[in-house]
Number of protein chains: 4
Amino acid sequence: MGTHAGTAQRTNNRVKPLLDAAASQFAAKGYRETTIRDIATAVGMLPGSVYYHFASKQALLLAVYEEGVRRISSRLDESVAGESDPWQKLRNATEAHLETILDQSDYARVMIRVMPEQVPDIELDLIHLRSDYEDRFVALIDALPLQEDVDRGLLRLMLLGASNWTQIWYRAGSAPVHDIAQAFVDFLRLPLMPDTADEVTVREC
Amino acid sequence: MGTHAGTAQRTNNRVKPLLDAAASQFAAKGYRETTIRDIATAVGMLPGSVYYHFASKQALLLAVYEEGVRRISSRLDESVAGESDPWQKLRNATEAHLETILDQSDYARVMIRVMPEQVPDIELDLIHLRSDYEDRFVALIDALPLQEDVDRGLLRLMLLGASNWTQIWYRAGSAPVHDIAQAFVDFLRLPLMPDTADEVTVREC
Amino acid sequence: MGTHAGTAQRTNNRVKPLLDAAASQFAAKGYRETTIRDIATAVGMLPGSVYYHFASKQALLLAVYEEGVRRISSRLDESVAGESDPWQKLRNATEAHLETILDQSDYARVMIRVMPEQVPDIELDLIHLRSDYEDRFVALIDALPLQEDVDRGLLRLMLLGASNWTQIWYRAGSAPVHDIAQAFVDFLRLPLMPDTADEVTVREC
Amino acid sequence: MGTHAGTAQRTNNRVKPLLDAAASQFAAKGYRETTIRDIATAVGMLPGSVYYHFASKQALLLAVYEEGVRRISSRLDESVAGESDPWQKLRNATEAHLETILDQSDYARVMIRVMPEQVPDIELDLIHLRSDYEDRFVALIDALPLQEDVDRGLLRLMLLGASNWTQIWYRAGSAPVHDIAQAFVDFLRLPLMPDTADEVTVREC
DNA sequence: AATGAATGAGTCTTCATTCAT
DNA sequence: TATGAATGAAGACTCATTCAT
């Protein structure tokens with residue numbers, strides 16, 4: 001009674017479109033700049049009706065965040081699944097990351113765009129969700145064969161920072177996402193200079 | 001600079017504190033989250049009084065942005081002035097950039113934090129101001145001796161992206177800004193792997 | 001009682017719990033402060049379902065009021081049934097009144113707590129219901145052997161006012177209801193001063 | 001500058017009418033039933049404008065409450081000032097109380113009508129304000145020469161309860177307030193029965 | 001007999017902005 | 001220069017009620 005498969009499906013009928021609309025608008029305009037009316041209009045309801053499905057604007061954001069983490073995480077996990085070379089894994093992961101936030105998922109985009117501190121009431125929840133995902137990069141970078149003196153924390157921050165910042169400048173039509181990911185990882189892995197030799201590659205201490 | 005010297009001076013008397021307050025709050029909370037009342041209160045005036053000095057909230061932001069560009073640009077220009085080695089120039093520039101947006105100037109911080117699209121009416125002005133500054137990195141990176149196939153545009157975007165993103169995670173007490181700048185540039189310049197492979201590059205300490 | 005016994009019974013099946021819940025919440029929080037959702041939730045249904053049983057929130061209140069009058073009236077009638085002394089009757093009535101609105105019946109409590117004017121559409125109905133009950137006190141006080149110049153109307157208003165106001169301050173754990181009723185009636189019946197004599201008990205006219 | 005006498009006066013120009021309107025409507029309809037729009041309309045402004053003067057609806061209520069306590073307290077204090085007989089003091093106090101809440105001050109009426117628990121955020125403040133006033137009755141009743149076994153707490157509760165409940169039934173045109181106060185106190189002070197019984201008390205006119 | 005879904009009118013509140021003084 | 005006062009448009013949210021199923 002109320003949990004027939006059919007009913008259950010109809011029950012969440014409008015939740016999905018609602019989340020999609022929210023994700024789309026949060027991703028495009030940010031949290032504050034998006035109004036409940038915007039979202040409601042996008043799915044053809046009135047602002048008040050949204051509250052039948054979600055208790056608050058924050059609850060909507062949280063749901064989007066959760067789905068965002070779920071999607072980008074599984075996308076990333078898949079991308080490294082068959083791979084054993086640590087650098088190739090990182091390349092794949094970076095590509096998955098970029099593809100998801102640039103092309104494929106408004107949900108994931110929201111996760112990058114909306115900073116937890118902007119929504120104090122659920123700040124901690126958002127932070128946890130983010131860490132859940134970002135920790136994967138900790139592991140990925142730990143697995144890299146690096147010189148001892150390399151600060152892996154800064155390395156991760158650099159790669160993720162550069163990646164996340166793509167949201168600011170990337171437009172459909174920029175370089176293919178695949179190339180960007182490749183470039184970002186290889187900029188790190190390889191030396192950038194022509195191998196014209198000693199004085200370049202030697203590090204003066 | 002002229003007319004009633006006295007009057008003129010008194011006129012701009014409150015502009016500076018007003019800009020300082022605006023810069024400080026925009027940098028800390030973002031544009032939308034900062035109210036005219038916040039800014040007015042910080043300098044001990046009432047909201048309406050702000051409009052004697054600035055035509056609108058947007059005008060305030062624009063003024064802050066301009067000052068931000070001025071400051072970070074001159075800081076960067078100084079930092080590379082005496083230097084001739086292109087990598088060292090980039091290192092210095094990056095350090096200047098980071099120091100300015102992390103430690104030294106709310107004005108510059110605003111420039112990084114507040115995205116032009118958030119204020120459609122002056123979006124283009126803001127974009128121009130930003131480019132004005134970021135172009136310096138185009139030049140800096142053009143001067144680098146790199147292998148031919150390196151995409152200098154992506155390289156710039158990676159370095160600046162990673163740098164700007166520090167705003168998200170950097171807290172007083174993280175690694176010294178100097179080290180972060182060094183690391184970011186060297187991660188790019190040098191190979192990251194232990195020198196197990198001759199064909200890559202030798203690294204000696 | 002009649003027709004499809006089974007169906008009929010099942011029909012009113014949910015009416016009782018619904019009324020109970022309404023009474024409980026109206027009594028505890030007042031009319032405006034109680035939402036249809038509160039009531040529905042309390043009996044495990046959805047807000048819309050309430051309207052199958054009651055035409056409106058007002059109708060619910062009216063039903064509660066009616067039941068409230070029924071209960072407190074019969075409770076009071078019982079309490080004075082065997083008694084012939086008019087003062088004892090009043091004492092019993094007051095105790096019955098207090099016990100009902102303080103301890104025993106949310107329905108009766110509602111009658112005291114929710115003022116007719118708060119629900120203009122049914123204001124008159126509510127007023128009639130109340131009078132129906134309060135008239136009993138008119139009779140009770142008429143039966144009292146009092147000096148001629150005593151304003152029996154004010155006397156009733158004082159006793160009932162003091163009694164009803166107990167809702168404001170009474171908490172389980174205050175004096176026993178029985179004692180309160182006794183005290184209220186005896187404060188009226190007896191002189192309050194030590195019988196130190198004439199000048200006290202003489203009323204200067 | 002801004003604190004000229006003239007300016008200062010003009011400053012609080014609209015606060016008084018606003019408070020008056022709020023007091024009037026809270027007294028007439030209760031807190032929840034009164035909207036900010038009601039109050040604003042009454043003084044000829046728009047709802048938003050109210051917030052220039054008061055931070056919230058609750059703040060408005062609190063201000064009204066405070067003024068209510070101030071007024072009824074000083075009214076009461078005056079009424080007992082010249083008097084030394086404890087019963088006459090109580091009579092005067094009761095009359096002052098009734099006159100204030102029935103005839104003279106919407107502010108005081110609010111204090112009686114709006115229960116602290118209806119506004120959880122400022123519940124404690126309201127409770128303190130009320131006690132501040134009601135404590136005067138504790139003192140007044142403590143001063144009464146009563147038989148030892150009289151529960152002075154219940155006595156106060158009865159008198160105040162009956163008095164406050166007048167708000168429910170009193171209409172201009174009922175008995176004069178003065179008579180009501182007299183009656184309430186004398187119902188308590190004197191025995192109500194004809195002097196047929198020696199053992200009770202003699203009452204002579 | 002009840003539910004899922006929605007409505008629409010209304011609530012308090014916020015805030016950039018205006019303007020007479 | 002600045003203020004007191006107000007505006008008006010918008011924002012998030014609430015809730016009694018409706019109605020097809």
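All chains are named by letter (A, B, ...) in the order of the sequence lines, taking the proteins before the strands, and each is independently numbered beginning at 1. Here the structure is a predicted model, which is why all the values come from computation and not from measurement.
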Do you know which two heavy atoms are closest between D/P47 and D/I36, and how far apart they sit?
O-CG2, 3.8 Å
May I have the distance from A/M45 (atom CE) to E/dG8 (atom P), rounded to whole angstrom?
13 Å
Output every pair passing ring pair (Phe, Tyr, Trp, His ring centres under 6.0 Å) with a member in residues 19-47 of chain A, not counting sequence neighbours, ordered by first then second residue.
A/F26-A/Y31
Nearest-nucleotide pick for B/H53, side chain only, options being E/dT17, F/dA2, F/dA12:
F/dA2
Qualifying residues under salt bridge (Lys or Arg N to Asp or Glu O under 4.0 Å), relative to B/E67, sequence neighbours excluded
B/R70, B/R71
For the residue pair C/Y65 / C/R130, report whether a side-chain donor-acceptor contact shorter than 3.5 Å exists.
yes
Without decimals, in angstroms, what is the distance between A/Y52 OH and F/dT18 C1'?
13 Å
Which sits closer to the 5' end of DNA chain F, C/G48 or B/G44, going by the nucleotide each is nearest to?
B/G44
What pairs of donor and acceptor atoms, side-chain ones from residues 116-126 of chain B against any protein atom, are under 3.5 angstrom apart with sequence neighbours left out?
unit_1	atom_1	unit_2	atom_2	d
B/E117	OE2	A/R113	NH1	3.2
B/E117	OE2	A/R113	NH2	3.3
B/D121	OD2	B/Q58	NE2	3.3

With respect to the phosphate group of F/dT7, does any side-chain polar atom (N or O) of D/S49 fall under 4.0 Å of OP1 or OP2?
yes
DNA chain F contacts among residues 20-29 of chain D, heavy-atom distance under 4.0 Å
none
Answer yes or no: is there a donor N or O on one side and an acceptor on the other, between the side chain of D/S24 and the main chain of D/D20, under 3.5 Å?
no
Rounding to a whole Å, what distance do you find between B/L18:CG and F/dA2:C1'?
12 Å
What heavy-atom pair brings C/I112 and C/M115 nearest, and what distance separates the two atoms?
O-CE, 3.0 Å
Quick check on contacts: within residues 31-43 of chain A, what sits under 4.0 Å from DNA chain E by heavy-atom distance?
none
Consider the side chain of A/S56, meaning its heavy atoms from C-beta on, and name the nucleotide among F/dC13, F/dT17, F/dT3 that approaches it most closely.
F/dC13
Interatomic distance where NZ belongs to B/K16 and C1' belongs to F/dT1 [whole Å]:
20 Å
Nearest-angstrom distance from the residue atom CG of A/N13 to P of E/dT3:
18 Å
5' priority, DNA chain F, between A/Y51 and D/L46 [closest heavy atom]
D/L46
For B/K57 and E/dT14, what is the distance between atoms NZ and P respectively, to the nearest whole Å?
15 Å
So what's the dot-bracket for DNA chain F: Watson-Crick or G-U pairs under 3.5 Å, [ ] if a pair crosses, | if it pairs off-strand?
.||||||||||||||||||||
